[in-house]
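See below for the structure under consideration.
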Amino acid sequence: MTAILVSAAVGLLVSLLGTPLLIRFLQKREYGQFIRQDGPQGHFTKRGTPTMGGLVIIIATVLGYAVANLTELRTPHASGVLLLFLVVGLGLIGFMDDFEKISKQRSLGLSPWQKILGQAFIGITFSVAALNYANSNGLTPASTRISFARDSGLDLAFAGVIGGIILFTIWSNFLITAWSNAVNLTDGLDGLAAGCSAMVFAAYTLIGVWQTNQSCTYGHADVVATLCYQTRDPRDMAMIAAALMGACFGFLWWNASPAKIFMGDTGSLALGGALAGLSILTRTEFLAVLIGGLFVAEVMSDIIQVVSFKSTGRRVFRMAPLHHHFELGGWTEVNVVIRFWIITGVCVVLGLGLFYAEYLVS
């Protein structure tokens with residue numbers, strides 16, 4: 001438990017104290033946000049606000065996990081290293097996208113194909129590696145079984161090992177792309193994505209702690225074999241989730257309205273990848289849909305808007321994603337953000353409740 005608290009504290013302090021340093025660095029070089037012309041008019045005043053703040057979140061997360069391991073003189077496990085690879089890798093793609101926008105002063109960064117290829121490389125590498133590196137108990141970081149609160153009976157390896165690896169890679173990359181885009185779309189108002197992410201990662205910290213205490217592999221005398229969790233490194237997941245939570249809270253101090261810095265694609269892609277990776281490595285792939293319900297609603301609103309407009313010529317929402325719909329309906333930016341935080345809090349509580357209920361009825 002000490003390592004998890006240390007990880008959260010380091011993530012919080014590095015993000016809280018490091019963000020103003022990054023703000024000054026970016027302001028000196030005039031690395032400011034470019035605002036799209038077709039967005040809400042009230043957002044034009046944000047033009048020039050420093051972006052790429054996700055760099056601090058990523059650094060704070062890595063340092064939080066590293067320091068926490070050092071405090072207990074423990075070696076990072078495979079699941080932790082793979083999750084950080086996913087976070088840093090997607091953050092790097094986001095950084096290149098942000099830098100392209102800043103350097104060319106336009107709202108478009110990398111081309112869609114460049115993003116797809118970059119995400120595919122990171123996602124495929126993560127997926128294949130996650131099915132390897134079995135521990136002494138034969139557990140690999142990920143499983144070919146589809147999961148809700150634990151692995152289900154639906155196994156993607158029904159067609160054999162090779163078929164299972166291929167299907168899992170497709171499934172894993174779908175989750176990584178979906179969650180990355182969901183967080184990226186949500187990051188449109190001051191403090192919205194950072195606040196929602198902090199709550200979601202707080203939930204995964206608790207899930208990681210519970211799975212550690214009820215692990216099938218750690219030999220706890222009070223764990224009932226039929227109720228224990230077959231996850232490879234739940235403690236590492238709790239430590240990284242705690243570092244992410246702390247980093248998001250620290251960043252939120254500077255990102256809350258009126259934002260002094262934006263996380264940019266650097267942060268949103270990294271946080272989306274972290275959520276996808278946590279859901280895969282903790283065996284909670286479908287439970288994550290409830291825990292991150294606000295992100296799901298945001299991306300679904302965008303999909304519905306595009307499909308409706310292309311098929312009928314009509315728009316379902318005033319503007320997508322969903323937060324802009326309410327902005328144009330007369331809600332202030334702060335009202336939208338706070339109410340969306342409340343919705344996220346409800347989703348997190350319901351998700352944790354279902355997670356615990358599943359344990360009780362198993």
Side-chain angles (χ1 to χ4, degrees), residues 11 15 22 51-66 76 78-102 108-130 141-142 168-188 192-194 196-198 200-201 204 236-237 240-241 243-245 247-248 251 255 262-282 285 288 292 295-296 298-299 302:
S15 183
L22 180 62
T51 186
M52 297 192 293
L55 283 170
V56 174
I57 296 175
I58 295 171
I59 292 170
T61 301
V62 173
L63 286 177
Y65 180 60
S79 299
V81 174
L82 283 172
L83 182 55
L84 287 183
F85 166 77
L86 189 59
V87 171
V88 174
L90 291 177
L92 178 60
I93 294 171
F95 173 80
M96 291 188 290
D97 189 51
D98 285 333
F99 190 78
E100 184 79 3
K101 294 174 186 176
I102 292 169
L108 297 176
L110 298 177
S111 70
W113 276 111
Q114 287 175 317
K115 277 188 176 181
I116 290 171
L117 289 175
Q119 288 179 325
F121 173 76
I122 299 297
I124 292 171
T125 303
F126 167 83
S127 303
V128 174
F168 171 76
T169 300
I170 295 172
W171 170 240
S172 177
N173 276 265
F174 166 75
L175 293 177
I176 292 167
T177 302
W179 282 116
S180 296
N181 288 333
V183 178
N184 184 250
L185 286 171
T186 305
D187 184 34
L192 179 57
C196 293
S197 295
V200 169
F201 292 129
Y204 268 103
D236 289 68
M237 296 301 95
I240 294 178
L244 285 161
M245 174 191 68
C248 286
F251 182 76
N255 181 237
F262 301 137
M263 68 170 66
D265 285 4
T266 308
S268 60
L269 293 185
L271 294 179
L275 178 49
L278 283 166
S279 73
I280 293 167
L281 299 176
T282 61
E285 293 156 356
F295 296 132
V296 176
E298 290 274 39
V299 76
D302 202 58

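- Nearest heavy-atom pair, A276 versus S279, reported as atom, atom and distance to 0.1 Å: O-OG, 2.7 Å.
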Table please: side-chain donor-acceptor pairs of residues 262-273 below 3.5 Å, with sequence neighbours left out.
residue: D265; atom: OD1; partner: N184; partner atom: ND2; Å: 2.6
residue: D265; atom: OD2; partner: K101; partner atom: NZ; Å: 3.3
residue: T266; atom: OG1; partner: F95; partner atom: N; Å: 3.4
residue: T266; atom: OG1; partner: D98; partner atom: OD2; Å: 2.7
residue: S268; atom: OG; partner: N184; partner atom: ND2; Å: 2.8
residue: S268; atom: OG; partner: G264; partner atom: O; Å: 3.3

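- Heavy-atom neighbours of F99 CZ from other residues, nucleotides or ligands within 6.0 Å: at or below the threshold of 12.
- One distance of note links CG of L244 with OG1 of T61; it measures 4.0 Å at 0.5 Å rounding.
- Atom-to-atom distance recorded for S15:OG and I58:CD1 is 11.0 Å, nearest 0.5 angstrom.
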Could you list the donor-acceptor pairs under 3.5 angstrom formed by side chains in residues 174-183, with sequence neighbours left out?
residue: T177; atom: OG1; partner: N173; partner atom: O; Å: 2.9
residue: S180; atom: OG; partner: I176; partner atom: O; Å: 2.7
residue: N181; atom: ND2; partner: T177; partner atom: O; Å: 3.2

Full working for side chain to side chain contact (heavy atoms under 4.5 Å, CB included) between S127 and W171: CA-CA 9 Å; S127 303; W171 170 240; over 6 Å; no
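- Counting all heavy atoms, side chain and backbone alike, Q119 lies closest to I93 at N-CD1, 3.4 Å.
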Walk me through it: do Y65 and L83 pass the test side chain to side chain contact (heavy atoms under 4.5 Å, CB included)? CA-CA 11 Å; Y65 180 60; L83 182 55; over 6 Å; no
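- Rounding to the nearest 0.5 angstrom, the gap separating the CD atom in Q114 from the CD atom in E100 is 7.0 Å.
- Scored by the side-chain contact (heavy atoms from CB on, under 4.5 Å) test, L63 finds V10, V14, I59 as partners (sequence neighbours excluded).
- Considering all non-hydrogen atoms of both residues, G11 and A60 come closest at O-CB, 3.5 Å.
- Counting only distance, with no hydrogens or angles, the side chain of S172 and the backbone of F168 share no donor-acceptor pair below 3.5 Å.
- In this structure, the separation between CG on D97 and CD1 on I102 is 10.0 Å, given to the nearest 0.5 Å.
- Minimum interatomic distance between T186 and L192 (heavy atoms only, all atoms of both residues): O-CD2, 3.2 Å.
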Pair I240, F201 - check side chain to side chain contact (heavy atoms under 4.5 Å, CB included), show working. CA-CA 9 Å; I240 294 178; F201 292 129; over 6 Å; no
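- Annotation for L278 and T282: closest pair O-OG1, 2.5 Å, computed over non-hydrogen atoms.
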Going through the checks in order, is the side chain to side chain contact (heavy atoms under 4.5 Å, CB included) test met by Y204 and L281? CA-CA 11 Å; Y204 268 103; L281 299 176; over 6 Å; no
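- If you take CG on N255 and CG on D187, they are separated by 7.0 Å, rounding to the nearest 0.5 Å.
- The heavy-atom pair separating A194 from F251 by the smallest distance is CB-CD2, 4.1 Å.
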